[in-house]
2 protein chains.
Amino acid sequence: MVSIVSVAKAAGVSNKTVSRVINGEPHVTEDTRERVEKAIRDLGYIPNMAARQIRSSRSNTFGIITDYVSTTPYSVDIVRGIQDWANTHGKSILMANTGGLPEREAEIWKMFQSHRIDGVLYVTMYHRVVDPEAGDVSIPTVMINCRPQTSELLPSIEPDDFQGARDLTRYLLERGHRRIGYIRLNPILLGAELRLDAFRRTAKEFGLAESDLSIRLGMEGPVGAEENYVFAAASDILQQKDRPTAIMSGNDEMAIQIYIAALTLGLRIPQDISIVGFDDFRTVSLALKPELTTAALPYYDLGFQGAEWLNGVISEEKVRASRRVVSCKLVERTSVRAL
Amino acid sequence: MVSIVSVAKAAGVSNKTVSRVINGEPHVTEDTRERVEKAIRDLGYIPNMAARQIRSSRSNTFGIITDYVSTTPYSVDIVRGIQDWANTHGKSILMANTGGLPEREAEIWKMFQSHRIDGVLYVTMYHRVVDPEAGDVSIPTVMINCRPQTSELLPSIEPDDFQGARDLTRYLLERGHRRIGYIRLNPILLGAELRLDAFRRTAKEFGLAESDLSIRLGMEGPVGAEENYVFAAASDILQQKDRPTAIMSGNDEMAIQIYIAALTLGLRIPQDISIVGFDDFRTVSLALKPELTTAALPYYDLGFQGAEWLNGVISEEKVRASRRVVSCKLVERTSVRAL
DNA sequence: CAAGGGAATGACAACGTCGACAATTTTCAT
DNA sequence: ATGAAAATTGTCGACGTTGTCATTCCCTTG
C-alpha cells in the first residue's frame, strides 16, 4: 500500500512536509504543495485512518447500536439522518445490531471500544425506555428514539408523541368531529400512552365527554409477535349505534385495517368516516386511498440532530445529560372530512 | 488508554507474551496465561484494532454501500443478514449511503479505502442494474440485490424474481383461476420485467390466451417520486364485464390499493376476487385482512450469503465474477380462494 | 553427568502518521 | 550590506501491535 513515505520520496520532500500538505497546515510553498499534490494523485495515495488514530487516539468514527434494524422498517430514516450528518462532517459510521439480545449488546460495546469509537448513538426502532448494557463503559453516548430507564444518565432525543397526537386531535375537533374513535397502539411502546393521553386531554379541553370517545386496544404482546385486534376493534367501533364520525389510529400501519373494516361495512372514506394515522410511514400513508392525514415522526431529524449532539458531547467532554424532544409535523392529506 | 504494555507490566511478563495469550498462540504456560488473563480483566484491556491493522494490513472490517437506506424500508433485512454474518465471524461493518449521488459514492469509496476495508458489499434497495463508481478501485466487492451494467465484472447475488412470480402464477392456476389481472411494477425496477415475464409465460404454459390476462401499469417514473396508477388500474380491471377471478400485484404495497379498490366496489376478498402480492413486506402483507398470499423476497439470505461470499472472495484472492440467485419462497395466507 | 532438543519467554523492529523541535532558507528593516 | 525575525523544511520518536529471531530454562537420552 502506498504510504506517506512513498509520496515523500516521489515528491522529493520529507514525509512531514507531505503530512503538512495533507492536513492543510500552513508553512508550505505553493510550489512544493503542488508537487506533493501531484505525487499524491499519481500514486493514488489515501491516508491511513488506523495510523492516524494510533497517533491521535481519535478515530473520527461513531458507532450506531440498534435493537432491531429488521422487523421494523419504520425508523430507517434515523440512520439516514445520522449518515448524512456524518458524511458532511467527515465521520465514519460503524454499525451493529443487537437483535434484542443483551449478550450481543455487550459484545458490541467491546467491539466499539476495540475500534476506539469516539461516541455511540444508541438507537431503538420503537420509541421506548431502555437501559443500555454499557455498564462500566464510558464512551460518550446519545440515545435516539428512546430514553434511559434509570433517571437521566444519558442525553436522549425523542419524538414529541404528545404534541403530535394533540395536533391531530385538534385537527379533527376543529373540523367539527364530536364523536371520535381511537385504536390504541401496543402498550409496550412509549408512544402508546403519550398519544392516548394527548388524545384524551385534548378532547376533554374541547368539552367532549369520555362517552364521546370509543377507545379500543389495537395490539398487544411482544414486539414482532403481537396479537392483532385492529380489524375487530375498528369493525366494532363502526357498528355502534352512534357511530363516531372519525377514527384516530395509533399508527399508519393499523390504519390499513381500519380502512378495510370501514370499506367492508360499505362506508366511504372520508364521506362517512374520517381517519387519521400517526407516523407518516409513507409506504402506507401514500398507498392508502384517499391518502392518509397523519403526524410525521421526525426520524430523519432525530438522527441528524442526535449525531450533531453527540459530536458536541464528545468535544465538550461534559456529558450534559438531558432530554430533547422533536416535534411531529401534521401532514394534511385527504382522509378527513370537515363536518 | 490501557494497552498491551500496561497489561504486560501488571502481569510481570513481556508484551509479546501478552500478545500470545490474546491471540491464543501456543507456548505459554497455563500459569502465565492465567496471570495475564487476570491482568487483562483487572485493567479492562481491549485490543486496539487500529494498531493491529497497521501491523497486519487487514482491518477485519467490511463496508456496506447502499443507495437509499431511506425512502424504501423494504430491504433493511439485507443489512440485518450482513450484520448477523459479520457478528458471528468477528467482522465489523462500516456503513455509508450514497443517496443516489455519484459524487458522494466516490467519496465513500475513498473513505472505505482510508479505513483499509477488507471488502465492500454494494447493496441496492431495489433489484436493479447499476455500475459502481468504483472505477479505479480494486477492493473485493460483492453486489447484493443488483448486478453490474458492464458485463460480469463483479460477483452479484440477487433474488429470483422469475421463479417467485412463476410459483405465484402456478399457485393461482392450480386453484382454477383462468382470468387473471396483473398490475405491473415500475418498469425501472429489474423485478418488473422478470415478474411480468414469468406471469405471462406460466399462464401461456397452462393454456391461457393473452386475452385472459388483464395487464396494467401500476407505477412509473423516478423512484421515490413515481406516478401512481394502481387504484385506477385495479378499479378498471375489476369493472370489466368478464372480471378476472384473481389479481396479481407487482408487489405488496400496491396490493393495498387493489384491496381498497375491490372493497370500494363492494367485492369481497377472497370470495369475489383473489389477490396475491410479491415481496412479503410484512408491515403490509400481515396488516391486510385477509392476510396476503405472497412470494417472500429472500432479503436476509441475500445479505447473509453475500457477506459469506465476500469473505471467500477476500481470502481466495481470485475474483470469480459470477451471478448467484436466491429463490423466493411462496407464503400462503388467506387472500386466495380455490375455485 | 554431558549433550541435545524442545518449550517458554523476551528484545527489537516495523507498520503509517504526526507532534515537538531543530535546521535551513528567505525576507526585511536598518 | 547585515543581522534578526519569519517562513520553510527536515529529523526523530512515539502511538499499540505482532513477526522474527534470540535467549533462557527444563527435560530426556545415552
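Sequence lines set the chain letters: A, B, ... in the order given, protein chains first and strands last, and positions in each chain run from 1.
- In this structure, Phe112(B) CZ and Ile64(B) CD1 are separated by 8.0 Å, a value rounded to the nearest 0.5 Å.
- Side chain to side chain, Asn97(B) and Thr66(B) meet the donor-acceptor criterion of an N or O pair below 3.5 Å.
- Near DNA chain C, meaning a heavy atom under 4.0 Å away, the residues from residues 49-59 of chain A are Ala51(A), Arg52(A), Ile54(A), Arg55(A).
- When DNA chain C is scanned 5' to 3' for any atom under 4.0 Å from a heavy atom of chain B, the first and last hits are dA7(C) to dC15(C).
- Two residues are said to be in side-chain contact when any heavy atoms from C-beta on lie closer than 4.5 Å; His127(B) and Pro159(B) meet this criterion.
- Under the 3.5 Å distance criterion, with hydrogens and angles disregarded, a donor-acceptor pair is assigned to the side chains of Ser92(B) and His115(A).
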Kindly determine whether Arg323(A) and Glu158(A) satisfy salt bridge (Lys or Arg N to Asp or Glu O under 4.0 Å), including the steps that lead there.
-> CA-CA 8 Å; Arg323(A) 203 152 74 82; Glu158(A) 304 167 52; 3.0 Å; yes
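- Proximity of Ile4(A) to Ser19(A): side-chain heavy atoms (C-beta onward) are separated by under 4.5 Å at one or more points.
- A side-chain donor-acceptor contact under 3.5 Å links Tyr300(A) and Asp84(A).
- Inter-residue side-chain proximity for Asp67(B) and Val123(B) is flagged as unmet; no heavy-atom pair is nearer than 4.5 Å.
- A straight line from CD of Gln113(A) to C1' of dG16(D) spans 16 Å, rounded to a whole angstrom.
- Without hydrogens or angle criteria, Thr61(B) side chain to Ser59(B) main chain gives a donor-acceptor distance under 3.5 Å.
- The closest donor-acceptor contact from the side chain of Ser315(A) to the backbone of Asn311(A) lies under 3.5 Å.
- If you check residues 11-35 of chain A against DNA chain C, the residues with a heavy atom closer than 4.0 Å are Lys16(A), Ser19(A), Asn23(A), Glu25(A), listed by number.
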